Every structure is written in C-alpha cells, then in structure tokens.
Amino acid sequence: MIADPDMAHRADRLLFDEIRRHFDLREQAAVRRILDAHLRPLADDLCRSPEHARQLVRVEPERVCCAATKSNGQPCARWPAPGQALCSAHRRQVLQFL
C-alpha cells in the first residue's frame, strides 16, 4: 500500500480474496467488515499524504534469521519456518541427534 498509494483503496478487497478460504462462509461477512474498518482509514491517509504515511509505517519488516550458527562460526542466514527458531536444515540436524 505504501509503495503504490493508488492500490491502497483496493487493499481490503485483495487481502480478503487471499484469506477468505480460511474462514467459514458465515464468518466471511464479519471478516470483510473488520478489514474494511482497519484498512480504509489507512488507505485514506496514504492517498492524502504518502510521505507522512511512510514515516508512520515501517516499510521493511525486520528479517528473522535462523538461531543456529554454521560450522564456520557465522550465524545462519536462512529463514526459519513460521513459529520455529531454526531453519529446516538445522532442525533436521538437531532431530538426528535426539
């Protein structure tokens, strides 16, 4: 939304299209209202003042890396699986020793 303020007014619809399959049909109307309520004000702010919005919202999320270190002593640069501290390669190594 920040990179393309013109797309901001479609963000709620695009996000809803991506996540609707995770909700029961009876819940989808409520999910759509919640997205609308939270994303519409942000979209309006972005269209009014894109520079101010960039200051309010962190554009680049922090990258979370694997908690393990490689055999040469450097930290692993791979991304861990969601909800895990280790990447798939290091998680396999730990499981081998158990």
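Since this is a predicted model, take the numbers as computed values, not measurements. Count residues from 1 along the sequence.
Residues satisfying the side-chain contact (heavy atoms from CB on, under 4.5 Å) test with Glu18, not counting sequence neighbours, are none. For Arg33, the salt bridge (Lys or Arg N to Asp or Glu O under 4.0 Å) criterion is met by no residue, not counting sequence neighbours. Residues satisfying the side chain to side chain donor-acceptor pair (under 3.5 Å) test with Arg21, not counting sequence neighbours, are none. Residues satisfying the side-chain contact (heavy atoms from CB on, under 4.5 Å) criterion with Gln28, sequence neighbours excluded, are Phe16, Arg20, Phe23, Leu25. In this structure, Asp17 has no side chain to side chain donor-acceptor pair (under 3.5 Å) partners at least two apart in sequence or on a different chain. Legend: residues meeting side-chain contact (heavy atoms from CB on, under 4.5 Å) with Ala67, ordered by chain and number and at least two apart, are Ala85, Leu86. In terms of the side-chain contact (heavy atoms from CB on, under 4.5 Å) criterion, residue partners of Ser88 (sequence neighbours excluded) are, by chain and number, Arg78, Arg91, Arg92.
Here the closest non-hydrogen pair linking Pro75 and Lys70 is O-CE, 3.9 Å. Between Cys65 and Pro80, the closest heavy-atom pair is C-CD, 3.7 Å.
Going from atom CD1 of Ile19 over to atom CG of Leu14 covers 11.5 Å, rounded to the nearest 0.5 Å.
Counting only heavy atoms from C-beta outward, the side chains of Cys76 and Cys87 approach each other to under 4.5 Å.
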